[in-house]
K.L.:
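Below is the structure I would like to discuss, written out as structure tokens.
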Amino acid sequence: MPAHPVRGSTVVRRRHTAVVAAVMSCSTVLTAQGPVEADGASIPSVPAPQLEWRPCVPGSPFDCATAQVPLDHAAPGGRSVDLAVVRRKATGPGKRVGTMFFNPGGPGGPGTVQMPQNYAFFPREVRERFDIVSWDPRGIGNSTAVNCFTSPREAADWNASKAVGFPVGEKEQKAFTAAYADLVRRCEKKDPELLRHVSTADTARDLDLLRRSVGEPQLNYYGISYGTILGATYANLFPGKVRAMTLDSNIGPRAWTNDASDDARLTTFLRVGSDHSAAATLDRFLDLCGSTTTARCAFSAGTPKATRVKFDRLTERLRKEPVDTWTYARTVADAVNSLYLVSGWSDLAGRLQELWRGRAPEPAAFPPAPPVPDPDPYLGEEQAAAVLCGDSPDPRDPGVYPLLEEASAARAGDAGRFWTWATAGCTGWPASPDRYTGPWDERTANPVLVVGTTYDPSTAYPNSRAMAEELADARLLTNEGYGHTALLNPSTCVQDHESRYFVDGVLPPAGTTCRQDTPPFTAPKPSGGVAAGGGALAVGRS
């Protein structure tokens with residue numbers, strides 16, 4: 001859940017970022033039979049959209065298409081919206097199994113950009129045996145998008161009206177609250193009809209239409225971060241259509257929905273435990289940095305304790321005197337977001353060291369643009385807010401946020417301040433009439449594979465336990481390591497299990513634990529394929 005386009009949102013940014021495999025047993029095999037979809041009687045049947053695939057750009061290995069779907073699935077004869085779709089065909093060798101759909105998280109992740117960007121991270125055998133398809137969900141990126149401004153200049157001016165990262169002090173807090181109240185007014189004026197139909201449930205119904213468009217009788221799906229909530233929603237709306245579903249770095253469904261109550265005392269991310277998890281991961285970053293040399297971690301002060309003290313002194317200094325545009329809040333936000341990819345921890349340490357020396361560091365660079373028509377679509381904060389705020393209840397009174405911040409900071413330090421304000425845009429946002437609040441235990445045609453990383457700075461590991469427990473039939477695979485998603489912080493062990501699951505329907509044995517291929521502050525190593533899996537090279541931060 002990196003903080004783009006909404007601060008603290010669950011999409012993995014457009015950044016790129018040996019193992020002892022556990023014993024594998026043939027514990028479960030996918031079947032073709034299952035119950036009828038839970039909502040089959042309530043939603044009218046809609047023809048599957050036609051996908052006219054073409055190379056995204058000349059010479060691109062990716063194909064692009066546009067799907068038209070109903071804005072309101074309950075009234076399919078009305079307005080339609082466009083979905084931008086991207087595909088990479090199975091590369092072989094071996095018999096093609098089918099199509100696997102991928103959601104990169106968010107809410108607000110543009111799949112037409114992020115799937116091509118991160119294609120190499122998928123397990124090798126999955127790439128060989130499946131067409132991989134992703135899309136920009138309704139309201140996002142290159143699809144029919146939520147855009148509450150009349151021009152890029154207007155959007156830039158709005159962004160400049162509030163603090164970067166989170167507000168510090170009463171003056172910034174008032175400006176922060178006022179900016180988001182203004183955003184809500186703009187959005188309700190611009191296209192209120194679209195705002196009412198960008199829920200996760202709407203997107204799950206879009207996904208079922210896309211499944212039908214590619215001719216799959218059942219869904220193969222890989223969702224990371226927010227994509228786990230989308231997957232869980234699909235699994236409970238269309239339980240009979242689940243063939244294979246991997247949910248990586250999970251959000252607990254009851255935490256997301258506030259136990260189906262509108263009376264939220266905590267914000268979404270405090271319920272999810274993002275503050276605790278980010279604080280624990282930041283602490284490990286500083287410990288591991290202090291345990292190595294400055295050649296591997298530039299911010300090291302020689303010992304873990306000395307390095308933690310150094311970080312505290314740096315943030316205290318920045319509170320009083322920023323370094324150029326690097327304020328205390330911007331630095332904390334950069335630190336939390338940069339913990340998502342272990343391949344970027346050394347770069348984060350370099351930026352912190354530059355700030356320690358009183359010099360403004362260069363911000364993290366984006367990776368090269370993927371070969372798609374628009375690799376840099378508009379991704380304003382309102383796009384993620386439209387989904388997050390409409391779906392997941394947050395406190396409606398802006399006045400409680402400073403109190404929540406102090407309570408979170410008492411247990412989670414700087415990371416608590418960051419995550420508390422991550423949903424400040426939700427205070428005035430209208431709830432979606434289509435939001436799904438459960439049940440979460442519909443029996444699916446086939447079991448779900450849930451993957452959780454122990455030190456995840458965004459979606460705390462207990463959420464993956466919760467997901468596995470709340471779904472009717474799921475198996476938890478624990479990834480002992482760091483960062484947000486096992487997909488982008490590769491583990492050959494995890495990839496082997498995912499490959500066996502997607503290709504043959506074999507779940508890992510209960511209680512299986514894996515480890516990352518490349519620990520923090522070590523040189524990247526190729527993670528070659530073993531048995532049914534494949535690996536990707538950790539190629540550095542993006």
Side-chain angles (χ1 to χ4, degrees), residues 1-4 6-13 15 17 102-109 114 118 200 221-233 245-258 266-285 333 335-342 384 387-388 391-392 394 408 412 415-416 418-420 422-423 440 448-471 474 476-489 491 494 514 516:
M1 300 189 303
H4 180 77
V6 159
R7 141 181 23 310
S9 69
T10 53
V11 70
V12 175
R13 296 195 59 169
R15 308 188 287 195
T17 20
F102 170 67
N103 179 274
Q114 291 179 310
N118 296 304
T200 301
Y221 175 81
Y222 196 130
I224 63 176
S225 197
Y226 160 78
T228 65
I229 283 294
L230 173 58
T233 301
M245 177 176 287
T246 292
L247 306 179
D248 176 2
S249 289
N250 292 258
I251 301 171
R254 291 182 181 175
W256 177 259
T257 60
N258 193 42
L266 294 176
T267 72
T268 298
F269 298 119
L270 297 186
R271 292 195 302 269
V272 169
S274 300
D275 55 341
H276 288 275
S277 191
T281 308
L282 178 60
D283 197 50
R284 291 297 294 153
F285 166 86
V336 172
N337 283 325
S338 297
L339 295 173
Y340 281 58
L341 299 177
V342 170
V387 181
L388 170 65
D391 259 28
S392 184
D394 283 278
S408 181
F418 170 83
W419 279 114
T420 298
T423 58
W440 300 101
V448 175
L449 176 60
V450 173
V451 181
T453 297
T454 50
Y455 283 96
D456 184 325
S458 178
T459 53
Y461 174 71
N463 286 269
S464 292
R465 288 191 182 275
M467 180 67 86
E469 291 169 0
E470 291 171 31
L471 295 179
L476 175 63
L477 174 61
T478 297
N479 178 40
E480 288 190 354
Y482 308 91
H484 186 47
T485 81
L487 177 68
L488 301 180
N489 296 280
S491 161
V494 170
C514 291
Q516 281 177 338

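If you're wondering where the values come from, they're calculated on a predicted model, not measured in any experiment. Only this structure's heavy atoms are used, side chains among them; waters, hydrogens and symmetry mates stay out.
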K.L.:
Could you measure the distance from the CG atom of L230 to the CE atom of M245? Nearest 0.5 Å is fine.
P.N.:
8.0 Å
K.L.:
Any non-hydrogen side-chain atom of P104 less than 4.5 Å from a side-chain atom of N118?
P.N.:
no
K.L.:
In Å, rounded to the nearest 0.5 Å, how long is the span from OG1 of T267 to CG of N258?
P.N.:
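One gets 10.5 Å once the value is rounded to the nearest 0.5 Å.
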K.L.:
Could you tell me whether the side chain of T453 and the main chain of T485 form a donor-acceptor pair under 3.5 Å?
P.N.:
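No; judged by distance alone, with no hydrogens or angles, the pair does not exist.
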K.L.:
For the residue pair R271 and L266, what are the closest heavy atoms and their distance?
P.N.:
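For R271 and L266, the tightest heavy-atom pair comes out as NH1-O, 2.9 Å.
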K.L.:
If you measure from OH on Y340 to OG on S225, what distance do you get to the nearest 0.5 Å?
P.N.:
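Between atom OH of Y340 and atom OG of S225 there are 7.0 Å.
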K.L.:
Just by distance, with hydrogens left out, do T459 and N250 show a side-chain donor and acceptor under 3.5 Å apart?
P.N.:
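There is no such pair between these side chains.
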K.L.:
Counting only N and O atoms by type, is there a donor-acceptor contact under 3.5 Å from the side chain of T228 to the main-chain atoms of L247?
P.N.:
no
K.L.:
Nearest heavy-atom pair of C514 and S491: which atoms, and what distance?
P.N.:
CB-OG, 3.8 Å
K.L.:
Looking at every heavy atom in both Y461 and T478, which two are closest together, and how far apart are they?
P.N.:
OH-OG1, 2.6 Å
K.L.:
Give the minimum heavy-atom separation between P457 and G483, together with the two atoms involved.
P.N.:
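Closest approach of P457 to G483, heavy atoms only: CD-C, 3.7 Å.
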K.L.:
Side chain to side chain contact (heavy atoms under 4.5 Å, CB included) for V387 and T200? Distances and angles first, verdict last.
P.N.:
CA-CA 7 Å; V387 181; T200 301; 3.9 Å; yes
K.L.:
Would you name the heavy atoms of V450 and S464 that are closest together and state the gap between them?
P.N.:
CG1-O, 3.5 Å
K.L.:
Okay, side chain of Q516, backbone of Y482: is any donor-acceptor separation there less than 3.5 Å?
P.N.:
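A pair under 3.5 Å: yes.
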K.L.:
Are F269 and L388 packed together at the side-chain level, in the sense that at least one heavy-atom pair is separated by less than 4.5 angstrom?
P.N.:
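Yes, side chains in contact.
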K.L.:
How about CZ on R254, more than 12 heavy atoms from neighbouring residues, nucleotides or ligands closer than 6.0 Å, or not?
P.N.:
no
K.L.:
Hey, is the main chain of G227 close enough, under 3.5 Å, to the side chain of Y221 for a donor-acceptor pair?
P.N.:
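Checked: pair present.
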K.L.:
Report the relative orientation of the aromatic rings in Y226 and W256; use parallel for angles under 30°, tilted for 30 to 60°, perpendicular for over 60°.
P.N.:
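Answer is tilted, since the angle falls between 30° and 60°.
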K.L.:
State whether the side chain of N463 and the backbone N or O of V272 hold a donor-acceptor pair below 3.5 Å, judged by distance alone.
P.N.:
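At least one qualifying donor-acceptor pair exists.
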K.L.:
Can you list the steps and then say if W440 with T257 is a side chain to side chain contact (heavy atoms under 4.5 Å, CB included)?
P.N.:
CA-CA 11 Å; W440 300 101; T257 60; 3.7 Å; yes
K.L.:
Using only atom types and a distance under 3.5 Å, with no angle test, would you say the side chain of D248 pairs donor to acceptor with the backbone of L487?
P.N.:
yes
K.L.:
Would you name the heavy atoms of A460 and G273 that are closest together and state the gap between them?
P.N.:
CB-O, 3.7 Å
K.L.:
Examine distances only and state if a side-chain atom of N489 and a backbone atom of V342 form a donor-acceptor pair shorter than 3.5 Å.
P.N.:
yes
K.L.:
Counting neighbours of CZ on R284 that are heavy atoms of other residues, nucleotides or ligands and sit closer than 6.0 Å, is the number greater than 12?
P.N.:
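Result for CZ/R284: enclosed.
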K.L.:
Contact between T420 and D275 at the side-chain level, heavy atoms closer than 4.5 Å - yes or no?
P.N.:
no
K.L.:
Measure the shortest side-chain to side-chain distance between Y455 and L339 over non-hydrogen atoms and say whether it is less than 4.5 angstrom.
P.N.:
no
